[in-house]
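Beneath this line is the structure, given in structure tokens, with notes to follow.
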Amino acid sequence: MQYPATRRPLSRPRQLSRLSLAVRFASGLYRERARIAGAGYLARDPMSLLKLRPGRENPYPVYERLRAAGPLVPTRQGNLACTSYHGCDTVLRDRRFGRHPAEDRPGMSFLGMNPPDHTRLRRLAQPAFTPKAVARYTARMERTAVGLLDEAAVAGRFDLVSGFAAPLPIVVITDLLGIPDSRAADFARYGRAIIGSLDGIKSVRHARQLLTARADLRRLFEHLFELRRREPRDDIVSHLVAAEGEQITPREMVPMCNLLLVAGFETTVNLISNAVLALLAHPEQWRALCADPDGLAPQVVEEVLRWDPPVQRTSRIALEPVELEDRLIRQGQQVITLIGAANRDPAAYQDPDLFDTTRFDPARTAGAPPHLAFASGIHYCLGHALARAEATVALRLLATRMPHISRSGPIRRRNTTIIRGPLHLPVTTPPTPAELVP
Ligand code: HEM
């Protein structure tokens with residue numbers, strides 16, 4: 001597959017106009033950053049603190065402060081932040097809430113759309129993500145995980161994120177999309193740049209990187225579409241190009257693929273990493289998993305999704321006036337659904353701050369309500385079965401092959417508010433007896 005470079009130099013007037021745009025953009029950005037720092041550090045505004053270091057390190061005490069102010073707390077921007085399980089679940093399910101209608105613009109994936117377009121596009125992608133379809137990938141997941149762990153075991157010390165948690169979902173999602181192995185690293189790099197912008201643009205350099213990544217990813221996908229039109233295979237992209245013009249318009253194709261790529265790996269990597277972090281901080285629960293990896297891995301994954309979810313928040317707009325938690329929400333007002341807070345609501349979970357891997361034990365009679373880590377309602381995560389399967393395989397094999405793993409250094413957190421997980425997680429594993437044999 002050939003990927004031509006197509007960037008042309010800009011004329012001088014266009015260079016100048018871009019420069020003045022960049023200056024205006026940068027000053028707005030730095031003013032906003034200063035406002036957040038002032039509101040967070042000086043006025044102790046909880047929503048601002050969530051965007052600063054204290055919130056990134058540990059948002060849960062901040063959620064508690066918000067919860068103490070009520071289930072729906074007005075923000076400085078005139079929105080409402082919802083901390084209750086009941087409130088978040090209602091907002092995510094109730095069809096009087098949705099995406100901003102103005103968001104239905106070119107470049108928007110179905111994640112940002114309302115019915116009927118959302119329904120049409122989601123239905124098209126759905127067959128690739130059913131539990132039955134996902135089961136077809138289990139063997140590949142296991143092979144990949146074993147290969148990565150074998151490599152890491154030889155090193156002894158490794159970064160659990162880059163050495164294990166990140167490569168596994170990348171292999172799976174690029175496979176599902178039908179991206180050739182030789183291009184998988186490029187797709188992953190551009191996808192990472194795009195998800196890095198979920199929290200907003202951090203600098204002019206960041207804005208430039210994002211624009212370039214978007215353009216490069218678009219080119220890669222467009223070439224892949226051409227390839228699959230000529231040589232269809234059993235993958236999502238082949239399925240999409242076959243439906244082009246009928247169920248999906250040409251301009252909807254790239255956004256759909258971007259969504260699947262980005263949602264497919266930048267979330268699951270954090271689920272696996274958050275799981276290992278939680279288990280290493282609770283050694284008795286790690287030992288329990290090591291004693292029965294096949295039996296316990298699925299319920300451990302559920303508790304990690306509740307206790308430390310990789311996606312900490314989303315939001316909806318009231319499409320009409322709605323009464324919720326004894327408050328009238330105006331049409332057009334935004335409600336930020338704080339998933340990380342809802343999952344620790346004491347009205348929904350007993351001892352919500354306790355990491356308890358038996359909480360979702362299917363044999364427990366008074367079962368806990370489903371967590372909101374994958375949201376709820378019509379936008380409920382399409383890839384939930386895939387994410388659960390990947391994390392289950394990862395934990396099962398890690399517990400089987402590296403029961404004596406331990407942390408070997410401080411972690412660094414991602415510089416993001418919506419997505420939560422470590423950027424690096426240094427670990428060490430003693431050599432297994434087999435390796436000691438000459
Ligand atoms: C642990 C991993 C994952 C987490 C925590 C997660 C979380 C979420 C959440 C919270 C939403 C709803 C967002 C909203 O309503 O605003 C969502 C939607 C979505 N997720 Fe995931 N996700 C994960 C993995 C995946 C995977 C592996 C895929 C597969 C490619 C995927 C594909 C999607 C898609 C396509 C949507 C949009 C659904 C719609 O709008 O109808 N996700 N995910």
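What you are looking at is a predicted structure, and each value in this text was computed from that prediction instead of being measured. Residue indices begin at 1 and follow the sequence shown. Counting convention: from 1, in listed order, for ligands and their atoms alike.
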Discussion item. Would L372 count as a contact residue for ligand 1, given that I'm defining contact as a non-hydrogen atom of the residue lying under 4.0 Å from a ligand atom?
Written reply: no
Practice prompt. Output the list of atoms in ligand 1 that are nearer than 4.0 Å to some heavy atom of G264, sorted by atom number.
Written response: 26 (C), 27 (C), 28 (C), 29 (C), 30 (C)
Worksheet item: Going by the atom numbers of ligand 1, which of them fall below 4.0 Å from some non-hydrogen atom of R99?
Response: 14 (C), 15 (O), 16 (O)
Discussion item. If the test is side chain to side chain donor-acceptor pair (under 3.5 Å), which one of N270, N274, D308 qualifies with R420?
Written reply: D308
Item to complete: Considering the heavy atoms of L260, write down every atom of ligand 1 situated less than 4.0 Å from one of them.
Response: 30 (C), 35 (C)
Worksheet item: Got a donor-acceptor contact below 3.5 angstrom from the E390 side chain to the A385 backbone?
Response: no
Worksheet item: Does an N or O anywhere in T314 fall below 3.5 Å from an N or O of ligand 1?
Response: yes
Fill in: Test item: F97 and I329 side chains (from C-beta on) under 4.5 Å apart, heavy atoms
yes
Practice prompt. Give the C-alpha distance, both sets of side-chain angles, the deciding distance and a yes or no for side chain to side chain contact (heavy atoms under 4.5 Å, CB included) between L398 and L160.
Written response: CA-CA 10 Å; L398 190 70; L160 189 116; 4.2 Å; yes
Practice prompt. Using a 4.0 Å heavy-atom cut-off, say whether Q312 meets ligand 1 through its side chain, its backbone, both or neither.
Written response: neither
Worksheet item: What part of L261, side chain, backbone, both or neither, has a heavy atom within less than 4.0 angstrom of ligand 1?
Response: neither
Fill in: Nearest protein heavy atom with distance in Å, relative to atom 13 (C) of ligand 1
L111 CD1, 3.7 Å
Discussion item. Distance check, rounded to the nearest 0.5 Å: L121 atom CG versus L111 atom CG?
Written reply: 12.0 Å
Fill in: Any A373 heavy atom less than 4.0 Å from ligand 1
yes
Item to complete: Could you list which atoms of ligand 1 come closer than 4.0 Å to a heavy atom of H118?
Response: 39 (C), 40 (O), 41 (O)
Practice prompt. Give the numbers and elements of all ligand 1 atoms closer than 4.0 Å to a heavy atom of F129.
Written response: 29 (C), 30 (C)
Worksheet item: If you measure from OG1 on T428 to NE2 on H404, what distance do you get to the nearest 0.5 Å?
Response: 12.5 Å
Worksheet item: Do R344's NZ or CZ and the ring of Y63 fall within the cation-pi criteria of under 6.0 Å and 45°?
Response: no
Worksheet item: Where the side chain of R189 meets the backbone of A213, is there a donor-acceptor pair that is under 3.5 Å apart?
Response: no
Worksheet item: Any idea how F221 and F225 line up, ring-wise: parallel (<30°), tilted (30 to 60°), or perpendicular (>60°)?
Response: parallel
Discussion item. Has H239 got a side-chain atom pairing as donor or acceptor with D235's backbone, closer than 3.5 angstrom?
Written reply: no
Worksheet entry | Atoms named by residue and atom, protein N, O or S, within reach of atom 21 (Fe) of ligand 1 (under 2.8 Å) | C381 SG
Item to complete: Answer side chain, backbone, both or neither: which part of I173 comes under 4.0 Å from ligand 1, heavy atoms only.
Response: side chain
Response to the item:
Logged contact type for E390 with ligand 1, heavy-atom cut-off 4.0 Å, is neither
Worksheet item: If you measure from each heavy atom of R388 to ligand 1, is any distance below 4.0 Å?
Response: no
Worksheet item: Would you call E303 and R306 a salt bridge, taking side-chain N to carboxylate O under 4.0 Å as the test?
Response: yes
Item to complete: Examine W307 together with H282 and report whether their ring centres are nearer than 6.0 Å.
Response: yes
Response to the item:
Closest non-hydrogen contact found for L124 with P127 is O-CD, 3.4 Å
Item to complete: Heavy-atom distances under 4.0 Å are what count here, so tell me which part of F265 touches ligand 1: side chain, backbone, both or neither.
Response: neither
Worksheet item: Should R120 and E252 be marked as a side chain to side chain contact (heavy atoms under 4.5 Å, CB included) after you check the CA-CA gap, both sets of side-chain angles, and the distance that decides it?
Response: CA-CA 11 Å; R120 168 176 55 86; E252 289 168 337; 2.8 Å; yes
Discussion item. At less than 4.0 angstrom from any non-hydrogen atom of L259, what atoms of ligand 1 do you find?
Written reply: 35 (C)
Worksheet item: Which atoms of ligand 1 are found less than 4.0 Å from any heavy atom of L271?
Response: 1 (C)
Worksheet item: Would you say T268 and ligand 1 have an N/O pair spaced under 3.5 Å apart?
Response: no
Worksheet item: Where does R316 meet ligand 1, judged by heavy-atom distances below 4.0 Å: at the side chain, the backbone, both, or neither?
Response: side chain
Worksheet entry | Worked check of side chain to side chain contact (heavy atoms under 4.5 Å, CB included) between I419 and E266 | CA-CA 8 Å; I419 301 285; E266 274 301 297; 5.6 Å; no
Item to complete: Show which atoms of ligand 1 fall inside a sub-4.0 Å distance from at least one heavy-atom site of R122.
Response: 38 (C), 39 (C), 41 (O)
